[in-house]
Participant: 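Starting off with a structure, shown below.
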2 protein chains.
Amino acid sequence: MTVPDPISDRLNGSLPITSAAEAAATIADDATVLTSGFGSVGYPKAVPLALAESNRDLALTLVSSGTAGEEIEVDLVEAGALDRRFAFQSSAVAKRASNDRSIAFSDRHVSGIGDEVQFGRLADPDVAVVEAVAVGEDWFVPSTSLGQTPAFVEATPELVIEVNHAQPLELAAIHDVYRPGAPPDRGPIPVESAGDRVGESVVRFDPETLRAVVETDRPDSTYTLREPTAVDQAIAANLRDFLAAEIERSPAFTDALHLQFGVGSVGNALMGAIGDLDVGDRELVYFGEVVQDGLLDLLDAGHLSAASATSLALTEDGQQRLFADIERYAEDIVLRPTDVSNHPGLIDRFGVVGINSAVEVDLFGNVNSTHIESTRVVRGVGGSGDFFRNALVSVCALPSKLSGKNVSRVVPMTFHVDHTEHDVDVFVTEQGVADVRGLAPVERAERIVEQCAHPDYKPELREYLEEVTQQHGHAPLDIERAADWQS
Amino acid sequence: MTVPDPISDRLNGSLPITSAAEAAATIADDATVLTSGFGSVGYPKAVPLALAESNRDLALTLVSSGTAGEEIEVDLVEAGALDRRFAFQSSAVAKRASNDRSIAFSDRHVSGIGDEVQFGRLADPDVAVVEAVAVGEDWFVPSTSLGQTPAFVEATPELVIEVNHAQPLELAAIHDVYRPGAPPDRGPIPVESAGDRVGESVVRFDPETLRAVVETDRPDSTYTLREPTAVDQAIAANLRDFLAAEIERSPAFTDALHLQFGVGSVGNALMGAIGDLDVGDRELVYFGEVVQDGLLDLLDAGHLSAASATSLALTEDGQQRLFADIERYAEDIVLRPTDVSNHPGLIDRFGVVGINSAVEVDLFGNVNSTHIESTRVVRGVGGSGDFFRNALVSVCALPSKLSGKNVSRVVPMTFHVDHTEHDVDVFVTEQGVADVRGLAPVERAERIVEQCAHPDYKPELREYLEEVTQQHGHAPLDIERAADWQS
């Protein structure tokens, strides 16, 4: 069907409008529910809350591509409604449930979850519940994130749409919904420049699947970012110096620099610091996963020519700032489905410099992004693997020690590996920069200790390294000794 | 310049022809040398041998994208000529040198080495030495593999070409040299079907870089494959059963099945077993890294509609079989540069089912492809990571125990991780199939033990699992106990 242009109504055509409670009642107790939501925004709110408050004995499987907000991450979890969860989670209570294994959590790469639901065997969906700002007979306009919503809508037999009056209708201008189709006939993704629009502003659905449309006005659970600490600022300064040298050195950055930053306070602080990077005549482009507040600063200052992402993962202030001027921001910001924003082929195409944080890194350059003491999951791998693995230059930026604790984040071995030694090129802490490209394992270890470890732990790390390098082997280890660092 | 069609001469135009010794003498003692060669074929022979026999005090850095043959992997290593090696190695002596760290070996993903040399910081090249079957003023026809040769030729300031009279001129028909260009302007790779030809049959070079052309007739160090064992056959049968069910289940395989197999005897045995897989009306396509003998069988039997790879990694028999009928085989076989054959975006595009082996796998689904006892490197990660990470369905196929030894290849934890729990979907041993898609870590562990472990080790693995699952945590570990399995 034709989508009105401009879209001036929230509800277009004859739609099965119900209350949230009625919509929730159509969902079976043990259903597999796919939801929109990424970066704690753009997730459905009223129907999950109605499920949480239903007093039913629920045993749901819930699949979201990124973080949802309170109603899912807290209310549904506290109600004991979830048996199984993909592919990311947050909140203290969700983390606790994953770690006491009352929820079976499976942590997956963001770029692949759509395919895993549609063609793999991640879960067999019963219903998708998504948030929109407007809906028509076979289309809806997503709200503040896209995530894997288009893939979920293609995969689901039943669809429930929440139309959120608290989200501006003008968000239509920001979305670019391109669908790659099913393999093997997907063909090349025609995004030739990071800001290209190659799809529609709406997600299409099969009208036969539409079960309910629910109206709501609940706001997003926006991010809360801490102020950058002195350590964050030192990391940012080291990263900036590295980037300044790298763009002069590599012919891949002669005309443009494409950057991606991980989600969170460190990522946001790093985005902020890019404002001081002198890129000369180069175009500065963001090709990442989330738009955070620091990116709005870069856009407002005219530093960025385009920003491609899948979520407006802003603070409340940042969201208001964007909502007040969506059409201007939409000239530069494009939200894409996660199977496009994080697509390995596109990350390769643009030669992205990917900058992501971690829980800890080890001496050979393995990275643990997800588990405390290698056993207790914090959130999930998210898109970090998409970028660590496919970026032209992969940077891991993190504080050298845990703030306020006697714990080094540079350890002899990490016993939970999310990104391997083959995938990370450069480590940055507030102590310095370890560029480990072209180095063998033991050389990497020496450089990481000397450049990145905190002075409090350097002597012990050097001692460990001295001991293991007495041994034979390409990548010598002392597992027992390394295990002592796990507490 | 125009390439003659057909190419009837080995040497076309005025070329700086020298002896191998003279060419070797132009290479500095501490040069960084990029070479052709992949799957132990198509590598330069005369110049490396001349270097090995030169009695010079060499301290070379050698970069090949895959395995070279004897003259490099044995002669140069035994001559003590190599200080540093990328990005794969083989032979007992090369392995020994990596493990006593007399050669600084750095193990990299096959798909990325070209970019790492051109735009990253893997190595600063001095000279590329490549094998060809014919050469002109600004082009040459590669021989039995492509590997990262085109990227190396683009990156190098000096070029030495060996024209090998032992390799048939007709190999021109088999190559498809497409160059993606530099980021961010590479654009989509226009390969829309696995058998498409989108480039030239020759590699282009800047004539200013050409230092020497050397004639030789040394043959490739072709593969020696062992006869499939009963265990190989049982793995193959389990894999076949899995694939038969999977192609019925997933809508991605309605019309076609794209397969990739890892290099080696197990891979070859698995390729062979595909002849018995009933794919119905589906097209069966190979989109992988190497053409092994088993693939020629599939082609000869008319089972395959196309085979895309980067190397003709055949046995001597297989090579003779192919050489006797190159033009017929070239109708179906396309050799591509490794940054195309193993491109993450293309693996995604075709929905490849990737099947690769490993040294060991652990209970959470982490895979060690490279290190014995987690410390001693065997060969390298090669293209296994490209396919494990990007395949629509990633299969790890391996024997459940080390042949003739009291060593389980299913272990509680692997302390060297090449592919993480996020990347592998299905494990296959001669014992059975563990499809771990959609499972949380502890569930994966149970399934891997029950379906894939050897009966000799099941009781101990169950006991380990029972013990750790008493503990709190999403992915509980007993590092000390797991370390006992390391010998």
Side-chain angles (χ1 to χ4, degrees), chain A residues 98-101 104-109 115 119-123 182-184 186-190 192 250-252 256 258 344-345 348-351 366 371 374-377 381 385 389-390 392-393 415-418 420 422 425 437-440 442-443 472-477 479-480 483, chain B residues 98-101 104-109 115 119-123 182-184 186-190 192 250-252 256 258 344-345 348-351 366 371 374-377 381 385 389-390 392-393 415-418 420 422 425 437-440 442-443 472-477 479-480 483:
Chain A
S98 294
N99 285 318
D100 68 19
R101 303 195 295 274
F105 170 58
S106 180
D107 183 13
R108 309 295 299 164
H109 298 297
D115 271 6
F119 311 114
R121 209 178 171 178
L122 186 82
R186 344 190 96 155
I189 298 180
E192 302 204 14
S250 173
H258 288 65
D348 169 79
R349 188 174 302 166
F350 299 125
N366 297 293
H371 284 68
S374 299
T375 54
R376 297 197 311 279
V377 70
V381 73
R389 178 69 173 82
N390 297 293
L392 184 64
V393 182
F415 296 97
H416 180 90
V417 177
D418 292 299
T420 75
H422 313 290
D425 299 311
R437 291 178 288 183
L439 300 185
V442 168
E443 296 171 323
H472 183 250
H474 179 241
L477 297 172
I479 296 170
E480 238 175 89
Chain B
S98 294
N99 285 318
D100 68 19
R101 303 195 296 274
F105 170 58
S106 180
D107 183 13
R108 309 296 299 165
H109 297 298
D115 271 6
F119 311 113
R121 208 177 170 179
L122 187 83
R186 348 189 95 157
I189 298 180
E192 301 203 15
S250 173
H258 288 65
D348 169 78
R349 189 174 299 166
F350 299 124
N366 298 291
H371 284 69
S374 301
T375 55
R376 297 198 310 279
V377 70
V381 74
R389 179 68 174 85
N390 296 294
L392 185 63
V393 182
F415 296 96
H416 180 91
V417 177
D418 292 299
T420 75
H422 313 289
D425 298 313
R437 291 176 289 183
L439 299 185
V442 168
E443 297 170 323
H472 183 249
H474 179 241
L477 297 172
I479 296 169
E480 238 175 88

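Residue numbers start from 1 in every chain, and the chains themselves are labelled A, B, ... in the order their sequence lines are given, proteins ahead of strands.
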Participant: Is B/R101 reaching over with its side chain to a backbone N or O of A/G473, donor-acceptor style, under 3.5 angstrom?
Facilitator: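 Yes, because the side chain of B/R101 sits within donor-acceptor range (under 3.5 Å) of the backbone of A/G473.
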Participant: Sort A/D418 into side chain, backbone, both or neither according to what part of it lies under 4.5 angstrom from a heavy atom of chain B.
Facilitator: both
Participant: Let me know if A/A256 has heavy atoms under 4.5 Å from chain B in its side chain, its backbone, both or neither.
Facilitator: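 When you check distances to chain B, only side chain atoms of A/A256 fall under 4.5 Å.
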Participant: Let's test your reading of the structure: which of A/S374, A/A252, A/A104 forms the most heavy-atom pairs below 4.5 Å with chain B?
Facilitator: A/A252
Participant: Which one of B/P344, B/G345, B/G438 has the most heavy-atom pairs closer than 4.5 Å to chain A?
Facilitator: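 Looking at each of B/P344, B/G345, B/G438 in turn, B/G438 comes out on top.
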Participant: Give the minimum heavy-atom separation between A/P188 and B/P188, together with the two atoms involved.
Facilitator: CB-CB, 3.3 Å
Participant: Is a side-chain N or O of A/R389 found less than 3.5 angstrom from the main chain of B/G385, in a donor-acceptor match?
Facilitator: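 Here the side-chain-to-backbone pair exists.
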Participant: Side chain, backbone, both or neither: which part of B/H371 has a non-hydrogen atom closer than 4.5 Å to chain A?
Facilitator: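 It is the side chain, since no backbone atom gets that close.
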Participant: Locate the shortest heavy-atom distance separating A/R108 from B/H422; write the atom from each residue and the value.
Facilitator: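 In this case the closest contact between A/R108 and B/H422 is NH2-O, 3.3 Å.
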Participant: I'd like to verify something: which residue of A/G351, A/G120, A/P190, A/A123 has the highest number of heavy-atom pairs under 4.5 Å with chain B?
Facilitator: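 With the most close heavy-atom pairs to chain B, the winner is A/G120.
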Participant: Is A/E192 in contact with chain B via its backbone, its side chain, both, or neither, using a 4.5 Å heavy-atom distance?
Facilitator: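 For A/E192, backbone and side chain are both near chain B.
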Participant: Return the CD1 to CD1 distance between A/I189 and B/I189, rounded to the nearest 0.5 Å.
Facilitator: 12.0 Å
Participant: Sort out for me which of B/D107, B/V377, B/T375, B/N366 touches chain A most, counting heavy-atom pairs under 4.5 Å.
Facilitator: B/T375
Participant: Nearest heavy-atom pair of A/F119 and B/P251: which atoms, and what distance?
Facilitator: CD2-CG, 3.9 Å
Participant: Sort A/L392 into side chain, backbone, both or neither according to what part of it lies under 4.5 angstrom from a heavy atom of chain B.
Facilitator: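 Only the side chain of A/L392 comes within 4.5 Å of chain B.
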Participant: Contact part of A/H258 toward chain B, heavy-atom cut-off under 4.5 Å: side chain, backbone, both or neither?
Facilitator: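 It is the side chain, since no backbone atom gets that close.
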Participant: I'd like to check B/H472 versus A/D100 (side-chain heavy atoms, cut-off strictly below 4.5 Å). Are they in contact?
Facilitator: yes
Participant: Between A/H474 and B/F105, what is the ring plane arrangement, given parallel below 30°, perpendicular above 60°, and tilted in between?
Facilitator: tilted
Participant: Under a 4.5 Å heavy-atom cut-off, does chain B meet the side chain of A/N390, its backbone, both or neither?
Facilitator: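 Contact with chain B involves the side chain of A/N390 alone.
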Participant: Relative to chain B, which of A/D115, A/D425, A/V393, A/V381 shows the most heavy atom pairs under 4.5 Å?
Facilitator: A/V381
Participant: Give, as side chain, backbone, both or neither, the part of B/D348 having an atom under 4.5 angstrom from any heavy atom of chain A.
Facilitator: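 It is both, since atoms from each part get that close.
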Participant: Measuring heavy-atom distances to chain B, does A/R121 have an atom under 4.5 Å in its side chain, in its backbone, in both, or in neither?
Facilitator: both
Participant: Under 3.5 Å, side chain of B/T420 to main-chain N/O of A/V417, donor-acceptor pair present?
Facilitator: no
Participant: Give the minimum heavy-atom separation between A/F415 and B/L477, together with the two atoms involved.
Facilitator: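 Closest pair (atom of A/F415, atom of B/L477, distance): O-CD1, 4.0 Å.
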Participant: Which heavy atom of B/S106 sits nearest a heavy atom of A/L439, and at what distance?
Facilitator: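 That would be OG-O, 3.3 Å.
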